[in-house]
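Predicted model only: the values in this text are computed from it and were never measured. The chain is numbered in sequence order, starting from 1.
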Amino acid sequence: NEQIRLQRDAAMHQRVDAEKRRIGIEKRLSILLEKVQENDDLIHDLKQKTISLNKEKLFLKRKIDLFENNVTDVIFKILIPSEKIEYVSPSVVNLTGYESKDFYDSVILFKDLLTDQYKENLKLYKNNIVEGNIPECGDFQIITKSGKVKTIRQHFRYETNLKSTVIALEFLLQDVTEHD
């Protein structure tokens with residue numbers, strides 16, 4: 001009888017321990033399921049936000065495309081001091097005869113368009129450009145791809161970093177007059 005009682009007590013302890021383990025596992029599983037649900041909710045929210053952002057991006061791209069295709073003025077953005085062209089609006093073809101990609105492919109194309117007089121002025125003003133000390137508006141002449149001389153008015157805007165160092169120059173180019 002003693003042996004049966006000991007076996008029964010041992011079996012009872014095993015059942016109690018098994019029940020405690022089961023309850024502990026169920027609690028951990030419940031916590032994990034909550035975390036999975038939270039992650040699923042976050043993933044769902046991120047998907048919704050991504051869809052929304054993609055719609056906004058498409059909308060803005062359409063607005064920019066519409067703007068770019070209906071504006072005759074040319075917008076350039078040049079990084080300073082590298083003089084790498086970051087952006088050229090598509091309307092540059094109407095002004096110069098060259099495509100935007102031509103300017104991206106050749107950093108010096110813009111300089112090559114300048115008449116000799118303005119090429120010399122550009123050399124003189126190079127340090128002033130880097131320092132941000134040139135007038136916000138000015139006129140110059142270019143020779144287009146077809147050989148026409150055009151007078152161009154440019155409006156400058158400097159972009160600076162947190163240390164107020166000029167890092168880019170954006171300008172708007174307008175065809176003021178055309179000469180034969």
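The aromatic ring centres of Phe110 and Phe171 sit less than 6.0 Å apart.
Counting heavy atoms from C-beta on, the side chains of His155 and Gln174 come closer than 4.5 Å. Proximity of Ile78 to Tyr87: side-chain heavy atoms (C-beta onward) are nowhere separated by under 4.5 Å. Using a 4.5 Å heavy-atom cutoff, the side chains of Phe103 and Val92 are in contact. In this structure, Thr144 and Lys150 have side chains that are in contact, with non-hydrogen atoms separated by less than 4.5 Å.
For the pair Lys145 and Gly97, the tightest heavy-atom approach, listed with the atom from each and the gap, is CD-O, 3.3 Å. Ile152 approaches Val176 most closely through the heavy-atom pair C-CG2, 4.1 Å. Closest of all the heavy-atom pairs between Pro90 and Ser100 is CA-OG, 3.5 Å.
Distance CD1/Ile142 to OG1/Thr115: 9.5 Å, rounded to 0.5 Å. Here the CD-CG distance, from Gln141 to Leu113, works out to 13.0 Å after rounding to the nearest 0.5 Å. In this structure, Arg21 CZ and Gln14 CD are separated by 8.5 Å, a value rounded to the nearest 0.5 Å. We find the CG-OG distance between Leu173 and Ser91 to be 9.0 Å, quoted to the nearest 0.5 Å. To the nearest 0.5 Å, atoms CG (Leu169) and CZ (Arg157) are separated by 9.5 Å. Here the CD1 atom belonging to Ile23 is positioned 12.0 Å from the CZ atom belonging to Arg28, to the nearest 0.5 angstrom.
Cluster annotation: Leu79 is not connected to Tyr158 through the hydrophobic network of ILVMFWY side chains, with a link wherever side-chain heavy atoms come within less than 4.5 Å. Following chains of ILVMFWY side-chain contacts shorter than 4.5 Å, one cannot reach Leu172 starting from Val93, and the two form parts of different hydrophobic clusters.
A donor-acceptor pair is defined here as one N or O able to donate and one able to accept, closer than 3.5 Å; such a pair exists between the side chain of Tyr104 and the backbone of Val88. The backbone N or O of Asn161 sits nowhere less than 3.5 Å from a side-chain atom of Thr165 that would complete a donor-acceptor pair.
Annotation for Ile108: atom CD1 does not count as buried by contact number, only 12 or fewer foreign heavy atoms lying within 6.0 Å.
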Show me the donor-acceptor pairs, under 3.5 Å and distance only, between side chains in residues 43-59 and residues at least two apart or in other chains.
| residue | atom | partner | partner atom | Å |
| --- | --- | --- | --- | --- |
| Thr50 | OG1 | Leu46 | O | 2.7 |
| Asn54 | ND2 | Thr50 | O | 3.3 |

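Taking a cutoff of 4.0 Å between a charged side-chain nitrogen and a carboxylate oxygen, Arg5 and Asp9 qualify as a salt bridge. Residues Arg22 and Glu26 are paired through a salt bridge, judged by an N-O separation under 4.0 Å between the basic side chain and the carboxylate.
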